[in-house]
There are 2 protein chains.
Amino acid sequence: MQPGSDDAEGREDCAPRRALELFSAKWTSMILHTLHTVHDGRARTGVLHRSLPGLSKKMLVQTLREMEHSGLIERHVESAVPPAVRYSLTPLGRRFVDLVELVYDWGRRNSDALDELRPRASSRRRAD
Amino acid sequence: MQPGSDDAEGREDCAPRRALELFSAKWTSMILHTLHTVHDGRARTGVLHRSLPGLSKKMLVQTLREMEHSGLIERHVESAVPPAVRYSLTPLGRRFVDLVELVYDWGRRNSDALDELRPRASSRRRAD
DNA sequence: CTGTATCCGCCGCGATACTG
DNA sequence: CAGTATCGCGGCGGATACAG
């Protein structure tokens, strides 16, 4: 698929597509959720990292960069030595978190249906 | 990260996590959206495929399998020769589509903020 | 503490060919 | 038309080492 051509079902839906992309990023939603509910919208890198056990440092930083670039969070350097950096939600980030929380709520409401199977996205060997 | 240990911030949040996984699957939401809004919740494979220009056949079928396994859709073989298969939303699928539509709406409402930047997930060489 | 750079295995995903 | 199998590449993401 060429970079010049559109990718799927027309351009008029590109904004919703961007919203889906935000959710597709593996850790974005969880980082935002943690930042919002655990740290009240503002936290230092290390603290955030410790709140997300399965997340490697590399992915944390990389995702934070993307989130910053997407306008979901802001990066504040509070001291240079020793380095102290805090990340906080932007207005867009706060609006997106609301959506993320809706997804979390949906998951909780449908936990019984979701627990019944193992979806195991991709590369499954058998439907068993 | 070991398979035996939990992966992030505890198990009590596994259902929300599953919900996020559903969104993380690249095409699931769009297929569901198309199936729901364009085909009224029920469509044949080829028709669905033609409604999603950027999606390869392989990914379509693979994603449909996963969605079926996740309980979002049902597969109906309506005739064997020539093969005619239809996919339709399950109750869970219908509930999930509602959520997907919320995300689409959110994207449309925030299209101005989303259009201002190119998030380009991963492997970016420069911040602008 | 915060962040970058490099190496590298794994697999997501498209292209192609084939079955019924 | 619906689906599977195989190959191949690009990049996701972990581990490690390094810098300020």
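Below, each value reflects all heavy atoms present in this structure, side chains not excepted, and no hydrogens, waters or symmetry copies. Chain letters run A, B, ... following the sequence lines, proteins first, then strands; residues in each count from 1. Since we're looking at a predicted model, the values are computed, not measured.
For the pair A:K26 NZ and D:dG14 P, the interatomic distance rounds to 8 Å; values are reported in whole Å. If you measure from atom CG of B:L55 to atom C1' of D:dG3, you get 15 Å, rounded to the nearest angstrom. We find that CE of A:M30 is positioned 15 Å from C1' of D:dG13, with the value rounded to whole Å. The interatomic distance linking A:M59 (CE) with C:dC10 (P) rounds to 18 Å, in whole Å. Between the CH2 atom of A:W27 and the C1' atom of D:dG14 there is a distance of 12 Å, rounded to whole Å. Between the P atom of D:dC1 and the NE2 atom of B:H49 lies a distance of 11 Å, rounded to the nearest Å. To the nearest angstrom, C1' of C:dG14 lies 13 Å from CG of B:L60. Note: CD (A:E66) to P (D:dG11) measures 14 Å, nearest angstrom.
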### Task
Indicate for each nucleotide in nucleotides 2-9 of chain C, in 5' to 3' sequence, whether protein heavy atoms under 4.0 Å reach the base (B), only the sugar-phosphate (S), or nothing (-).
SBB-----
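A salt bridge does not link A:D98 to A:R95: none of the charged side-chain nitrogens sits closer than 4.0 Å to a carboxylate oxygen.
The only option from A:M67, A:E74, A:H36, A:R42 that meets the side chain to side chain contact (heavy atoms under 4.5 Å, CB included) definition with A:L89 turns out to be A:H36.
Between A:H76 and A:Y87, the distance separating the two ring centers is not shorter than 6.0 angstrom.
Counting heavy-atom neighbours within 6.0 Å of A:D112 CG, excluding the residue itself, gives a total above 12.
Residues B:T28 and B:I31 form no side-chain contact, since every pair of their non-hydrogen atoms from C-beta on lies 4.5 Å or further apart.
Between A:F96 and A:F23, the ring planes are tilted. Angles from 30° to 60° get that label.
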